[in-house]
Amino acid sequence: MINYKVNPGGRLQGHLRVPGDKSISHRAIMLGSIAEGVTEVRGFLEGEDSLATLAAFRAMGVKIEGPRQGRVTIHGVGLHGLKAPGGPLDLGNSGTSMRLLCGLLAGQKFDTLLVGDESLSRRPMKRVTEPLARMGARIVTTERGTAPLHIQGGQKLTGIDYAMPVASAQVKSSLLLAGLYADGRTCVTEPAPTRDHTERMLTGFGYAVSRQGDKICLNGAGRLKAAAIDVPADISSAAFFMVGASIAPGSDLVLEHVGINPTRVGVINILKLMGADIELLSSREAGGEPVADIRVRYSRLHGVEIPLDQVPLAIDEFPALFIAAACAEGETLLRGAEELRVKESDRIQVMADGLRALGIYARPTPDGIIIEGGRLGGGVIESRGDHRIAMSFAVAALRASGTITIHDCANVNTSFPDFVTLASQAGLKISDK
Ligand code: S3P
């Protein structure tokens, strides 16, 4: 059990490069493994989630060297070169691994069993297994529609035209990956834009993907050709520091080489709406993804009604944004974010409990929350094993009047190894006891 103790006050300064993007790291391993040729990856996230994906492909016979300082070499086996693993594939805490692998493995000749930790075993999987079943996949879940998932190989898949009921990049990606193995054309329509790393990377691997409006399509039975991948720093990890620098007087921080894909920048848009001082420096392209250095300086924030169209673009950043709201003047209102209730934890409830423990008014609603900005006190926070909750309350200490103790922080390693070291360097008074 790892707990954080964060002393109050301080400010964030200097230059910081947070670890590689989690979503892109997963996809680099998956697509590199089923490509033809050798894929060299730089900037890979050496966190437990992406390492779970890496271990799964090694277990299916793919030779993968590294990671060594973010470098990974994947010897692709081609679309049909994966082998039956010797046992269950344990995906730990990683929803992305499990949902994307469902699609990719539904079209293999062999059976697989996907398992995860307690949190992952509670999360809804029907959102992928149902549309995959329509394509011809056979995947058995528990009665509650959760893992363990038994995927029966040797099925013939056929492309579908699917309109997603929820805006989910994991569902979209899962179906597109199954579509690689399907007869005919697979199309997915999104109710709102979601992260498009799968489409971009497929294109980078020479696989034709078309987009018309909100509909993304590909044909089965093509080939992926190995390509170099430069993984940018994860905007979701940068978000804690963007909020920290915005709320702590005297802060002036530059976050280097951060991915600013338009489907991921909700946190920047929302913070700016709240009055944050955020500047994008030297915007550029790296490996098919837009990247920039992000300068954040302290600014007085005010509460806002969060625009509905920003919700999917900031879906992982709400725990951090709630801390910004707690430090802002006035009320912040979030709606249309019921998805937050089925993340690594119920992020609406767990954040509301934590904010209240620090003396902030927070009222959860079925699909969002109302937060009244105020004075943060010290206190004890239960992170419920959710990495993003733990890191959010850590940066809250910058504006708290007392020490914040955060329980159950081991899962920070799923997305942000070295958080404590990096956060200390930037100015947070944090230790793990
Ligand atoms: C992800 C998609 C999002 C996000 C998750 C990573 C991905 O999930 O919350 O952390 O890499 O595709 P949903 O697809 O459930 O919105």
Side-chain angles (χ1 to χ4, degrees), residues 19-31 44-45 47-50 52-53 91-104 116 119-120 122-132 145-147 162 164-178 188-202 216 229 231-232 234-240 259 261 263-267 289 309-321 336-348 367 386-389 391-392 411-412 414-416:
D21 187 279
K22 185 146 74 76
S23 294
I24 298 175
S25 295
H26 283 299
R27 288 158 170 82
I29 297 292
M30 294 181 190
L31 298 190
F44 180 76
L45 168 66
E48 288 168 6
D49 276 13
S50 37
T53 293
L91 305 171
N93 195 244
S94 177
T96 306
S97 308
M98 188 168 279
R99 295 204 179 106
L100 269 57
L101 276 181
C102 262
L104 198 153
S119 154
L120 183 53
R122 275 197 305 266
R123 297 180 65 187
M125 292 297 146
K126 285 275 189 225
R127 55 178 60 195
V128 288
T129 58
E130 268 176 3
L132 288 171
T146 54
Y162 185 68
M164 289 194 292
V166 282
S168 164
Q170 292 178 354
V171 175
K172 171 178 66 177
S173 302
S174 186
L175 299 185
L176 293 176
L177 292 174
V188 185
T189 303
E190 11 183 46
T194 67
R195 65 192 69 193
D196 62 357
H197 307 302
T198 304
E199 301 92 296
R200 282 175 187 258
M201 204 181 286
L202 279 169
I216 303 111
I229 297 174
V231 183
D234 198 329
I235 190 168
S236 298
S237 297
F240 305 107
N261 181 310
T263 60
R264 297 285 297 280
V265 292
V267 62
E289 292 277 348
D309 64 357
Q310 294 300 312
V311 172
L313 311 184
I315 196 66
D316 291 335
E317 288 66 72
F318 283 108
L321 284 166
E338 51 275 85
E339 276 294 301
L340 293 182
R341 293 201 177 270
V342 291
K343 293 293 177 188
E344 286 84 327
S345 71
D346 175 345
R347 287 185 172 157
I348 292 174
D367 69 339
D386 186 323
H387 54 138
R388 300 202 197 282
I389 305 265
M391 290 184 273
S392 297
N411 277 342
V412 166
T414 61
S415 67
F416 202 147

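These numbers come from the heavy atoms of this one structure, side chains and all, not from hydrogens, waters or symmetry mates. Order of appearance sets the numbers: ligands from 1, and atoms from 1 within every ligand. These numbers were taken from a predicted model, which means no experiment stands behind them.
Annotation: S23 places an N or O atom under 3.5 Å from an N or O atom of ligand 1; distance criterion only. Some N or O of S168 is nearer than 3.5 Å to an N or O of ligand 1, by distance alone. Checking only distances, R195 never comes within under 3.5 Å of ligand 1, N or O to N or O. For the pair K343 and ligand 1, the shortest N or O to N or O distance falls below 3.5 Å. Taking any N or O of A169, backbone or side chain, at least one lies under 3.5 Å from an N or O belonging to ligand 1.
Between H26 and ligand 1 there is no heavy-atom distance shorter than 4.0 Å.
A donor-acceptor contact shorter than 3.5 Å is absent between the side chain of T146 and the backbone of R123. With hydrogens and angles disregarded, a donor-acceptor distance shorter than 3.5 Å links the side chain of K172 to the backbone of T194.
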>> As a quick check of understanding, evaluate salt bridge (Lys or Arg N to Asp or Glu O under 4.0 Å) for E339 and R347, giving each step before the final call.
In response: CA-CA 9 Å; E339 276 294 301; R347 287 185 172 157; over 6 Å; no
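In summary, the atoms of ligand 1 found under 4.0 Å from a heavy atom of D316, numbered by their order in the structure, are 4 (C), 5 (C), 9 (O), 10 (O). Interface of I315 with ligand 1, defined as ligand atoms under 4.0 Å from a residue heavy atom, comprises 9 (O).
Inspection of the H387 and S415 side chains reveals an N or O donor paired with an N or O acceptor under 3.5 Å. R195 and S23 form a side-chain donor-acceptor contact under 3.5 Å, judged by distance and modelled atom types alone. Judged by distance alone, the side chains of S174 and R127 never bring a donor and an acceptor atom under 3.5 Å apart.
The protein atom (non-hydrogen) at minimum distance from atom 6 (C) of ligand 1 is T96 OG1, 3.4 Å. Nearest protein heavy-atom neighbour of atom 12 (O) of ligand 1: R27 NH2, 2.7 Å. In this structure, atom 1 (C) of ligand 1 lies nearest to the protein heavy atom Q170 NE2, 3.6 Å.
The CD1 atom of I29 sits 7.5 Å away from the OG1 atom of T53 when rounded to the nearest 0.5 Å. The CG atom of L120 sits 8.0 Å away from the OG atom of S97 when rounded to the nearest 0.5 Å.
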